[in-house]
Amino acid sequence: MPMEKTFNAAESEARIAAAWDEANAFAAGANAKEGAEPFSVMIPPPNVTGSLHMGHAFNNTLQDILVRWHRMRGFDTLWQPGTDHAGIATQMVVERELARTQQPSRREMGRAAFLEKVWEWKSTSGGNIRRQLKRLGASCDWSREAFTMSGAPGAPEGEDGNFHDAVIKVFVEMYRKGLIYRGKRLVNWDPHFETAISDLEVENIDATGHMWHFRYPLADGETYTYVEKDADGNTVLEEERDYISIATTRPETMLGDGAVAVHPSDERYAPIVGKYCEIPVGPKESRRLIPIITDEYPDPDFGSGAVKITGAHDFNDHAVAERGGIPKYRLMDTGGAMRADGAPYDEAAARAQEIARGAEASAAEIDALNLVPEAYRGLDRFEARARVVADITAEGLAVMVPAWDPRLGKAAQRKASPEEGGIPPEEQLVPLVEEKLITQPFGDRSKVVIEPMLTDQWFVDTTKIVGPALDEVRKGMARPEGSTEGTRILPERDAKVYFHWLENIEPWCISRQLWWGHQIPVWYGPALSSDDPDGGHILYDAEWVPFCAPSWDDAFEQMKAYYRHDEIKWVEDEAEAMQLIEGITTRLRTEGAIRDTHAPVAIPVYRDPDVLDTWFSSGLWPIGTLGWPDDTEELRRYFPTSVLVTGFDIIFFWVARMMMMQLAVVDEKPFHTVYVHALVRDEKGKKMSKSLGNVLDPIEQIDEYGADAVRFTLTAMAAMGRDLKLSTSRIAGYRNFGTKLWNAFRFAEMNDAFVQTDGARAVHVPCTPGATVNKWIMGETAKVREEVDAALNAYRFNDAANALYGFVWGKVCDWYLELSKPLLNSDDPEVVQETRTTLAWVLDQCLILLHPIMPFITEELWGVAGDRGLLCHADWPTYQVSDLVDENADAEMSWVISLIEAVRSVRGEMNVPNGLEVELLQLELDEAGRTALDRNASLIKRLARIETITEADTAPKGAAAIPVKGGTFALPLVGIIDVGAEKARLEKSLQKLTKEIGGLKGRLDNPKFLESAPDDVVEETRELADAKAAEEAKLRAALDRLAEVA
RNA sequence: GGGCGAUUAGCUCAGUGGUAGAGCGCUUCGUUCACAUCGAAGAUGUCAGAAGUUCGAAUCUUCUAUCGCCCA
């Protein structure tokens, strides 16, 4: 049955994918040669809620190329797939789903029930991305698909695995080694999701905002002389003030101010440093006084030069507060509303006043103080801001300026001209609300403004584990070619990014106030009042002491040892534990005894409710997916892995953390090479995003053009380190390339190239052909094979793709297929047989070499062209240029091709009708040319559409001249050609030639060039100059003859 | 503000010191038995600008301009 005219991707891809599946073709170790080296790649786990976008398609295409290439070369290959559990994103998706289907909310159903819902969602919807990756052709070992939450408590059937064990074990070990600690720190708090997030999950966005200026009155009616000087030291303003002017973009945080700071060198405020000022908001009778202190942080040239210090709600202020021992008052609840808990404002403010005056207070007490006045309690932070501004302004404590002040921005009025009536703006005073560009932090998922918040969190002490991660990459960057020592990051630029980040690393906050994730394996019980094992008591206001252990049983053992008995009760949460302790202590107190640990009452303990950052688990991806902490066969075989292919946007999130964690846990780098690729953008260069609506959905593209076209496009554009701008016309172009290849097979099939009587064709070199054309194409094949291997070895994916494109289309289809036609129709059965064999071989090579980039169409054609197993397991060739290139055949074919091109060019420019076969005159010609002409006359005639080739001494008048290497031909086109046009054509060529010769001569006449340039360059230049000069002479001769006619 | 990168044909981009390239688009011609998702031919460049190093610069150095990304 004859082949269809085009490849039907939609129909074939599914069938081929099924065949691969059925053959288990991508299982770890499939097609490995005896004693093969391992080659393993970890997929960057996509988010389980995710669907395939172009970035994934790009990332996975590159991985698949490497993996298929290695598999065909007989490596013991593993491509490990899987997804991560994406704490925030998944919780968000499931909560939204609950709301949509009008089910009880997360909080209503409680933690356990909610997690059940999440698992349910995962099993029905979490497989999306796997199906999509399969559509792309990703040759992962799907039987090993991993998940970062596998094996967690509550995981349903089918979600077993030990990733959870690995995560917990690492946490416990790192905790015991002192690499993980808990502390009350200022963290980025997401008020929407009510969890801490890492600074990498914060997007800083510039937007026009406002800066308010307020007066903080000095305490006790104090005044000072405020002097403002210009750059030359001249006084520009001098006035008596009873206040200090403060600018802020977040007035609601004034309620938690602990001090006002000025720079120590700022003379304007020197007289009042050490004095107190009043926070101008809240009930008048109980306003707080705060000290005026000095710190290096305030910039005297910015605003008034004085800065309010709110240690609990700003990172810079926090540092100042730490340095100056300033209390840090927390103002908001987890949802970003002003606190409504605790004692009435009067009491809290009075206590805060004592503290400001020097009274001792614990961090816990300070945290418990709610300094939000009743009027603002419970308000959303932005609502509170508006109220604070309004109240201060109403009281006349805003800094006032004329209405035309340019700092007011759009709100500023223009100065009135005298003839206009009313109050001129210069006399009208308005509150100074500066309009300016403000950088605000936003949660990258929630898109709400992030609030710096003082909370208890867990941290990895990254400074303690960063060293080896830096060393390994330093080693890798310096290693020689071919070595796998250390870890090499490509391109080099991204190594710089890596170094820069790790050298300035911050502690990593790993706790999240979510439910979906690995719950922190720490239980808290009340601390004993003394270290003395027999004298310890539990006090009413006991601190909590942590017990970190991989399981409750282990924790329980620790608790027994600590409390010296086993009456321990695991309760729901801190509140319940607290209640029980209160009960115990008050009851025992009334009995006249402080409870000791031997009393017959259960000690309440509770588990830390927080979960670990998803990146903490994906940081263990390399070892976790291979079965660690068990000592598995796979771990021994495939770890450390070979290459990590990933986008530059997760160098910090993931790559750096994997480096640190693998080194910290198993003391071994996770991979020897990291290939960092760029971003896929739309055709205008914009980042693809849903909100812009410029996303190209890879699945839609695959539906329309086929997976191979999408893959080839991405590969051809994968120049290292450059963003790719993707357009559908490009994809269509490479779909056409597939069609071209398809039709080459159609041609071969029609010519019986695949009919073999002696069994399956071997992949290795089939014969030693006699025909020059056959020798030549085999040499070209060897060249491209070397090129492809060299390109892939260097991760130059685009070079591999372009080399193959040029070879298949430009060499095989444009020339070899055409040149083979006369041979296939030869009367000599040996020539026919040899050509069929060569043709089949060459096309097979195209399939093999293209397979890693275009797996589907090549697999399909492989099946069409013979019955010999799957192409994805075919042997990758190793023949070399030195084996297959025949210099003479090369030279001969170049000559033939250039002659045919020259004739076609003349015909084209002279508008000789295609159908018209013309006569070709051979004028002078050297020996090599004569031989080449003799041996290939039929080819030349056919491809250049020549009727006869005759020898002549001189060209007739009015013939078009065709200079070739070693001689000249002519096309006698009397009556067909336009003499003027031919003259113009020749003159144009001559002009170009003269310019080139000028350049070449200039170099050759320069003695310094001859002296300094390498010999082969000089030689090349000389040859080229000679050749050009010869051609010039021929063209001149031709022009002369033309002149005779005219 | 700090860092990284880009600027090459109409468009998208390759090109690490030695003859400026590819794909797409464009123009002309073409129903020859693989392919019109095709074939043949053609046009198109101050390699952002300036200075320097070099026998020789798109390529190396410095500066300038414009644009982008990351980090504060």
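Every chain is numbered from 1, with letters handed out A, B, ... down the list of sequences.
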Of Arg942(A) and Leu1000(A), whose closest RNA chain B nucleotide lies nearer the 5' terminus? Leu1000(A)
Check the distance between rA14(B)'s C1' and Leu714(A)'s CG and give it to me in whole angstrom. 16 Å
Are any of Asn743(A)'s side-chain N or O atoms less than 4.0 Å away from OP1 or OP2 of rC38(B)? no
Are Asn774(A) and Tyr816(A) linked by a side-chain donor-acceptor pair shorter than 3.5 Å? yes
Distance check needed: rC69(B) C1' versus Ile205(A) CD1, whole Å only. 15 Å
Could you work out which one of rG42(B), rU37(B), rC35(B) sits closest to the side chain of Ser905(A)? rG42(B)
Which of the following nucleotides, rU37(B), rG18(B), rU19(B), is nearest to the side chain of Thr739(A)? rU37(B)
Rounded to the nearest angstrom, tell me the gap between atom CD in Glu1019(A) and atom P in rU19(B). 16 Å
Reckon Lys5(A) touches a base, only the sugar-phosphate, or nothing at all at heavy-atom distances under 4.0 Å? sugar-phosphate
Considering every strand shown, what is the Watson-Crick or G-U wobble mate of rU53(B) when both distances are under 3.5 Å? none
Pair assignment for rG68(B), Watson-Crick or G-U wobble, requiring both distances under 3.5 Å: rC4(B)
Test of ring centre spacing under 6.0 Å for Phe58(A) and His677(A): yes
Specify the residue among Tyr805(A) and Glu996(A) whose closest nucleotide of RNA chain B lies further upstream toward the 5′ end. Glu996(A)
Options rG23(B), rC24(B), rC4(B), nucleotide nearest the side-chain atoms of Arg493(A): rC4(B)
May I ask you to say what Asn802(A) touches in the nucleic acid, namely base, sugar-phosphate or nothing, with a heavy-atom cut-off under 4.0 Å? nothing
Do Trp508(A) and Arg657(A) have side-chain heavy atoms sitting under 4.5 Å apart? yes
For nucleotides rC69(B) and rU44(B), find the distance between their C1' atoms and express it as a whole number of Å. 32 Å
Phe1009(A) CZ - rA57(B) P separation (whole Å): 12 Å
When we call it a touch if two heavy atoms are under 4.0 Å apart, what does Asn751(A) touch: a base, just sugar-phosphate, or nothing? nothing
Please give, in whole Å, the distance from rA34(B) C1' to Leu817(A) CG? 7 Å
Assign Glu1023(A) to base, sugar-phosphate, or nothing according to its heavy-atom contacts below 4.0 angstrom with the strands shown. nothing
Any idea which heavy atoms bring Trp742(A) and Lys5(A) closest together, and the distance? CD1-O, 3.5 Å
Return the orientation label for the Phe754(A) and Phe745(A) ring planes: parallel under 30°, perpendicular over 60°, tilted otherwise. parallel
Check this one for me: any side-chain N or O of Asn798(A) less than 4.0 Å away from OP1 or OP2 of rC13(B)? no
Below 4.0 Å: OP1/OP2 of rG39(B) and any side-chain N or O of Trp809(A): yes
Can we call the ring centroids of Phe797(A) and Phe712(A) under 6.0 Å apart? no
For Pro1014(A), report the nucleic acid contact type (base, sugar-phosphate, nothing); a contact means any heavy atom under 4.0 Å. base
Looking for any heavy atom pair under 4.0 Å, which part of the strands does Arg1003(A) touch: base, sugar-phosphate only, or nothing? base
Any-strand Watson-Crick or G-U partner of rA58(B), both distances under 3.5 Å: none
For residues Tyr734(A) and Tyr805(A), establish whether the separation of their ring centroids is below 6.0 Å. yes
Any side-chain N or O of Arg730(A) below 4.0 angstrom from OP1/OP2 of rC24(B)? no
Polar side-chain contact Lys496(A)-rC4(B) base: donor and acceptor under 3.5 Å: no
What's the CZ-P distance between Phe737(A) and rA22(B), to the nearest Å? 16 Å
How close or far is atom C1' of rG39(B) from atom CD1 of Ile900(A), stated in whole angstroms? 15 Å
Which is true for Ser1012(A) with a 4.0 Å heavy-atom rule: it touches a base, it touches only sugar-phosphate, or it touches nothing? base
Can you identify which nucleotide, out of rC24(B), rA41(B), rU37(B), has its nearest atom closest to the Thr6(A) side chain? rU37(B)
In the structure shown, which nucleotide is the Watson-Crick or G-U wobble counterpart of rU32(B), with both distances under 3.5 Å? none
Measure distances between side-chain N and O atoms of Glu818(A) and base N and O atoms of rA40(B), and say whether any donor-acceptor pair falls under 3.5 Å. no
Out of rA40(B), rG18(B), rA34(B), which nucleotide sits closest to the side chain of Val1017(A)? rG18(B)
From OH of Tyr734(A) across to P of rC35(B) the rounded distance in Å is 24 Å
